[in-house]
Amino acid sequence: MMTSRGLFQNEDVDKEVGDVVELLNPKKVTMLHGKPEEYEMLVSRLLGEGRLIKLNETTYPNCYLARSNPNDVARTEQNTYICTDSKEEAGPTNNWLDRREAKEMLFKLIANASAGKELYVLPYVLGPNGSEYSQVGIEITDSAYVAANQMIIALVGDAAIERLEKGEEHVLGIHQTMQLDPNKRYIAHFPKERLIISVNTDYGGNALLSKKCHALRIASAIAKEKGFMTEHMMAIEVTTPEGKSYGISGAFPSSSGKTNLAMINPPEDFKGWKVRLLSDDIIWLFEHGGGVNAINPEYGFFGVAPGTNDKTNPNAMRSINSNTIFTNVALTTEIEPWWEGLGEPPQGLIDWQGRSYDPKNGPAAHPNSRFTTPIRQYPYLSDKYTAAEGMKINAMLFGGRRTTLVPLVFEAYNWAHGVLLGAMLRAETTAAVVGKVGVVRNDPMAMRPFCGYNMADYFAHWLKMGEQIRDKPKIYMINWFRKDENGKYIWPGFGENMRVLKWIIERASGGARDAVETPIGMVPSIESFDYGKVSREQAEKLLYVDKEGWLKELEEVKPFLESFGERMPRELWGEFYKLKERLEE
Ligand code: GTP
Ligand code: SPV
Ligand code: MN
């Protein structure tokens with residue numbers, strides 16, 4: 001048996017990690033210090049095993065294709081657990097396990113799981129190193145694929161080791177590939193223990209533990225204790241031609257437009273406007289100077305490939321053509337990555353499962369295929385990205401895929417009304433999670449799968465934060481996904497979303513843009529709204545408030561809100577009934 005001590009000088013951390021290593025019983029342990037040679041070592045191992053395919057070095061330098069086991073291509077929420085003392089603490093939206101029983105069961109399951117394998121220890125920092133809001137974690141994994149991806153999406157190595165040696169509080173994540181058996185798959189979170197155990201999966205949010213598991217689920221529980229917020233939000237800094245900057249964040253469910261809005265390329269007629277990216281998926285928010293500021297915990301993108309092209313997202317296309325790991329995309333005869341949205345499928349295409357492409361087998365790239373890319377490659381990164389105090393947020397957006405009912409944009413009357421709109425968010429499911437796609441479900445604040453405690457307490461936490469923040473961001477609901485009778489999107493989206501951001505900025509800064517008071521909130525008046533390419537008739541449709549439809553929506557949302565029972569904040573019910581009354585008038 002190899003020695004499992006001496007990885008860290010700090011005795012507590014050394015024992016904590018050493019005990020896990022001993023239990024997993026690998027043939028070798030490698031600590032990753034964040035060096036380029038280590039990334040190359042992981043890649044060459046994966047190439048040797050056939051787990052990675054090297055892409056065209058001329059057109060895609062240092063890029064690779066990975067193919068997942070077809071049973072392991074998206075997050076599996078049915079296997080995701082919050083492990084606490086009582087089910088009440090996890091709430092009705094989470095799967096729950098007793099934390100003591102779960103720990104015992106899982107530690108039994110992972111005993112000797114790394115036998116004969118190499119284990120990687122990845123200490124990492126989330127957030128700007130040096131920011132008091134940054135956090136440290138350690139992921140222990142037997143997957144070189146996971147380790148390589150982690151080296152892109154978190155700050156792996158010495159910066160974290162230094163902080164761990166000083167005894168800083170941290171999150172420990174244990175990941176074991178095992179047999180990828182979907183029936184024994186567990187993504188288990190222990191907020192009290194600051195522990196994550198993920199087994200029988202090797203994919204994305206299930207296995208890259210710094211992302212959804214740490215930066216959202218565990219960090220959300222820490223945030224509730226310490227008085228900050230962790231959100232499934234993108235964030236950008238928009239600068240007007242007059243040189244005024246506005247921070248805008250947006251929570252949209254998985255695969256519903258965060259990365260694309262974060263990378264927005266303003267249309268031609270937006271001369272002098274600038275957009276800079278802070279985050280494409282997750283932010284942590286805290287009170288700062290009377291307002292609220294955000295930092296991005298992440299160091300890389302793990303973004304959806306299909307739909308990305310030079311028209312929809314030219315800035316992404318410029319960022320992902322080097323130093324990128326593509327997972328589950330298709331492969332051309334030029335040894336370049338390909339996915340739906342890039343035009344006609346080229347001759348000789350190989351699909352995401354390595355078969356000759358045949359439309360009978362479904363799309364060439366998996367609908368949840370992704371790119372893993374260092375954030376520093378993004379050409380328009382905000383200079384606030386590295387700032388310890390982060391970026392001020394002036395407006396927050398909630399939105400999701402809704403074919404009908406929800407207008408293109410409207411403004412909440414106040415913070416509590418906005419929190420209700422967030423709590424009432426419903427959206428069509430996507431390929432980012434295993435299950436039926438296109439089914440409308442409740443996804444409050446786009447956080448349903450990512451809240452590490454009872455969501456009723458999460459709503460209360462939002463209300464409490466509102467009391468602490470004097471200069472509150474305005475809250476908006478948006479919907480890019482309305483469809484016409486033929487099932488076609490009415491709003492062109494992408495760059496055109498800039499027109500909506502412009503209206504929001506003028507509203508949020510107390511500007512002159514006209515708005516109509518409606519029961520659901522302030523809606524742009526058709527005269528004042530710059531709807532760009534769509535016809536006036538279509539724009540009217542997109543801004544229409546269907547009172548009957550909203551009353552039905554309230555009826556449908558009510559049982560969901562009731563499922564939280566007595567824990568549901570009264571103030572939100574108050575807002576709910578005020579909204580209902582306005583609709584009935
Ligand atoms: P996660 O990484 O899963 O959290 O997703 P995300 O919210 O970052 O979603 P992303 O921006 O990657 O978009 C997912 C899909 O929606 C892609 O196929 C995009 O092309 C498509 N999409 C994004 N924005 C728009 C839009 O404004 N209109 C339309 N019609 N589609 C969009
Ligand atoms: C999401 O599902 O919201 C993602 C992808 O951003 S994953 O990292 O797999 O969770
Ligand atoms: Mn996401």
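Along the sequence shown, the residues carry numbers beginning at 1. Quick note: numbers below take in every heavy atom, side chains included, and nothing from hydrogens, waters or symmetry partners. In listed order, ligands and their atoms are each counted from 1.
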**OP:** Give yes if a backbone or side-chain nitrogen or oxygen of Asn260 is under 3.5 Å from a nitrogen or oxygen of ligand 1, and no if not.
**Re:**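 Yes, since at least one N or O of Asn260 sits under 3.5 Å from an N or O of ligand 1.
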**OP:** Verify, without hydrogens or angle tests, whether Thr80 (side chain) and Ile187 (backbone) share a donor-acceptor contact under 3.5 angstrom.
**Re:** no
Original post:
Does the Asn206 side chain pair with the main chain of Thr201, one donor and one acceptor, at a distance under 3.5 Å?
Top reply: no
Original post:
Which residue and non-hydrogen atom of the protein lie closest to atom 17 (C) of ligand 1, and at what distance in Å?
Top reply: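 Atom 17 (C) of ligand 1 sits closest to the protein heavy atom Pro306 O, 3.5 Å.
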Subject >> atom 4 (O) of ligand 1 [closest protein heavy-atom partner, distance rounded to 0.1 Å] >> reply: Lys258 NZ, 2.8 Å
Subject >> Numbering as shown, the atoms of ligand 1 that approach Arg401 to under 4.0 Å (heavy-atom distance) >> reply: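 Reading through ligand 1 atom by atom, the close ones are 15 (C), 16 (O), 21 (C).
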Original post:
With atoms numbered from 1 as shown, which atoms in ligand 1 lie under 4.0 angstrom from a non-hydrogen atom of Arg370?
Top reply: 1 (P), 2 (O), 3 (O)
Subject >> Closest candidate by heavy atom, reference atom 22 (N) of ligand 1, pool Phe450, Phe494, Phe371 >> reply: Phe494
Hey, does [X] come in under 3.5 Å of ligand 2, counting only N/O atoms on both sides?
X      : value
Arg75  : yes
Tyr203 : no
Lys211 : no
Gly205 : yes

Subject >> Close-contact set for ligand 2 against Phe450 heavy atoms, below 4.0 Å >> reply: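 Checking each atom against Phe450, I get 3 (O).
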Subject >> Min heavy-atom dist Lys258 to ligand 2 below 4.0 Å >> reply: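 So Lys258 does not count as touching ligand 2.
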Tell me whether [X] forms a cation-pi arrangement with [Y], defined as NZ or CZ under 6.0 Å from the six-membered ring centre and within 45 degrees of its axis.
X      : Y      : value
Lys274 : Tyr380 : no
Lys502 : Phe270 : yes
Arg51  : Tyr145 : yes

Original post:
ligand 1 versus Ser255, non-hydrogen atoms closer than 4.0 Å: side chain, backbone, both, neither?
Top reply: both
